[in-house]
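What's counted below: heavy atoms across the whole structure, side chains too, no hydrogens, waters or symmetry copies. Chain identifiers are assigned alphabetically (A, B, ...) following the order of the sequence lines, protein sequences preceding nucleic acid strands; residue numbering begins at 1 within each chain. Treat the numbers as computed from the prediction; the structure is a model and nothing was measured.
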Amino acid sequence: MSSKVQAIRGTQDMLGEQAERFQAVVAAFGRVRRLYGFQRVEVPVIEATAVFARSLGETTDVVSKEMYSFEDRGGEPITLRPEFTAGICRAFLSEGWQQHAPLKVAAHGPIFRYERPQKGRFRQFHQLDAEIIGSDAPAADVELLSFADQLLRELGVADGVTLQLNTLGDPETREAWRAALVEHFQAQREALSEESLARLDKNPLRILDSKDARDRIIADSAPAIDDYLSEAAANFFASVTAGLDAAGVAWTRNPRLVRGLDYYRHTAFEFVTDRLGAQGTVLAGGRYDGLIEALGGPHTPAVGWAAGIERLAMLIERPEAERIEVALVPLGTAAEAAALRILADLRRSGIASDMAFRGNMKKRMQRADSSGARYAIIVGDDELARGEVALKDLTSGKQEAVALDGLARRLAATIPRGGHSELAAGLADHAASPSSSTDRVAKAS
RNA sequence: GCGAUCGUAGCUCAGCUGGUUAGAGCAUCGGUUUGUGGUACCGAGGGUCGCGGGUUCAAGCCCCGUCGAUCGCCCCA
């Protein structure tokens, strides 16, 4: 294999079921996004490295070791986006989108991180992303979390997933708590793991979610943020949780859920599953009121989340495979020309169809069958002479002669329009029953 | 960056303590007189056993390296 071309480590090629799962996640995101009034936004995959370096704080491991950075031919430092948020905030500033604040936007696409691949973790992966920029209201947090919650419900993964919620408070709260934590850990530093000793200098909050048993005892007895919350911060968090309760979004408090970077304020959350090993976080986000300032903009409060498409795709029920409705089976050269005409008519009428044009009739019928089509249209010289075709129902095996004239129109009336009306079909499914799509999968399998 | 396990046909795997021309199922392609699919039967193609080196009379099997995969650690914006 060494002489053959191969995919870059940590990238993936998807076909068939994998691609269908991926597409199902994106389609659900698109539907729910519209229900919540989030506009679709498109931003570049590449940005000036400074966009991410400044938003992430220049020094961290994240910036120095885990970004795909390079110089372009003009010598400009460029980075493949390691997240959506910084790029969207940059666009918010450089495109003058402040005039639209508060701005509700959603995006999805490839994300790059130079990491060791493992389960549900790739170097090129894909995220869904939602942001509300320019609102300091707790209602924005609630809105965003409701969106996330409904998305996971519609994907059918909500049952195995819990929303863990915490507050990091306002800057004063955060500083006071951080100082108390450092003091607490310093006092017992001999008992900490080596990793946590390093964290003590770099990122003390992270000791709270250490997996090491030695750290756990110390972390569990660490001071809780609740004792340091300012009145304003406490009120903010209370509004968020009350809003979630009112909206019927289930949550649990996780006082050890933290974010390392200073621009995070108030709400932090993760939707977590136990079904993906060490990579159990399926959707995560929080309030980042300090980020836009870090990019050189005016103080602009904002909240957002991102979710890994691949991880969600692994969790959902297998989606129904895409298939065509009608397969044409022409017999002979004259018939093939006629069949091409019929095929074009069907497709223009919105009926997904294809043609089997190789092999003898048996092979062609086999191909028609394995395409998953509901009908086969058999076009032979006999039929053509009479101005008809044979329409065979591949489920029942019944076959009848049908006039060529108006064939596409007749079929269009009985066959649901397929292919390019996925969004409408999805909405219809949802209206009928939230679980209808999984029901169909169950029946099909 | 670190550790563990793994790497045989497109896919899932078999290949006994190292011993002739490396197998199966599925898939693909063709055939059972180009007019009828889901079954059945016959046949074909497809592998320098990830790659490189070493040990040996002999390596798919043992050793080293390398690349890749998987799972975990670190990290997780």
Length of the CZ-P vector between A:Arg364 and B:G35, whole Å
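Spelled out: CZ on A:Arg364 to P on B:G35 is 11 Å.
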
Please state how far atom CZ in A:Arg123 lies from atom C1' in B:G68, giving the value in whole angstrom units.
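In whole Å, B:G68 C1' lies 12 Å from A:Arg123 CZ.
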
Map A:Asp369 and A:Glu115 onto RNA chain B by nearest heavy atom, then report which one ends up closer to the 5' terminus.
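It is A:Asp369 whose nearest nucleotide is closer to the 5' end.
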
Nearest to the side chain of [X] - [options]?
| X | options | answer |
| --- | --- | --- |
| A:Arg121 | B:C67, B:C75, B:U36 | B:C75 |
| A:Asn203 | B:G37, B:C76, B:A77 | B:C76 |
| A:Pro117 | B:U70, B:C74, B:U36 | B:U70 |
| A:Lys119 | B:G72, B:G37, B:C74 | B:G72 |
| A:Asn360 | B:G31, B:C74, B:A77 | B:G31 |
| A:Gln366 | B:G31, B:A77, B:G38 | B:G38 |

Pairwise [atom1] distance for [N] and [M], with rounding to whole Å:
| N | M | atom1 | value |
| --- | --- | --- | --- |
| B:U28 | B:G68 | P | 32 Å |
| B:G30 | B:A14 | P | 32 Å |
| B:G7 | B:A44 | C1' | 29 Å |

Answer with base, sugar-phosphate or nothing: what part of the nucleic acid does [X] contact at a heavy-atom distance below 4.0 Å?
| X | value |
| --- | --- |
| A:Gln12 | nothing |
| A:Arg9 | sugar-phosphate |
| A:Arg81 | nothing |
| A:Gly10 | sugar-phosphate |
| A:Glu83 | sugar-phosphate |
| A:Tyr264 | sugar-phosphate |

Less than 4.0 angstrom between a side-chain N/O of [X] and OP1 or OP2 of [N], yes or no?
| X | N | result |
| --- | --- | --- |
| A:Arg367 | B:C29 | yes |
| A:Lys211 | B:C74 | yes |
| A:Lys392 | B:U36 | no |
| A:Gln118 | B:U70 | no |
| A:Arg206 | B:C76 | yes |
| A:Arg113 | B:A77 | no |
| A:Arg116 | B:C2 | no |
| A:Lys362 | B:U36 | no |

Check: A:Phe147 ring centroid to A:Trp305 ring centroid under 6.0 Å
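So the answer is yes for these two rings.
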
Cut-off 3.5 Å, side chains only: do A:Tyr36 and A:Gln150 have a donor facing an acceptor?
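Side-chain D/A pair, A:Tyr36 to A:Gln150: present.
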
Should [N] form a Watson-Crick or G-U wobble pair with both distances under 3.5 Å, which nucleotide is its partner?
| N | answer |
| --- | --- |
| B:A14 | none |
| B:C41 | B:G31 |
| B:G46 | none |
| B:C71 | B:G3 |

Carboxylate-amine/guanidinium contact [X] [Y], below 4.0 Å:
| X | Y | answer |
| --- | --- | --- |
| A:Glu194 | A:Arg214 | yes |
| A:Arg347 | A:Asp354 | yes |
| A:Glu42 | A:Arg40 | yes |
| A:Glu388 | A:Arg386 | yes |

A:Gln399 (side chain) and B:G37 (base): donor-acceptor pair under 3.5 Å:
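No such pair is found, so the answer is no.
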
Between A:Lys104 and A:Ile133, is there a side-chain heavy-atom distance shorter than 4.5 Å?
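They are not in side-chain contact.
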
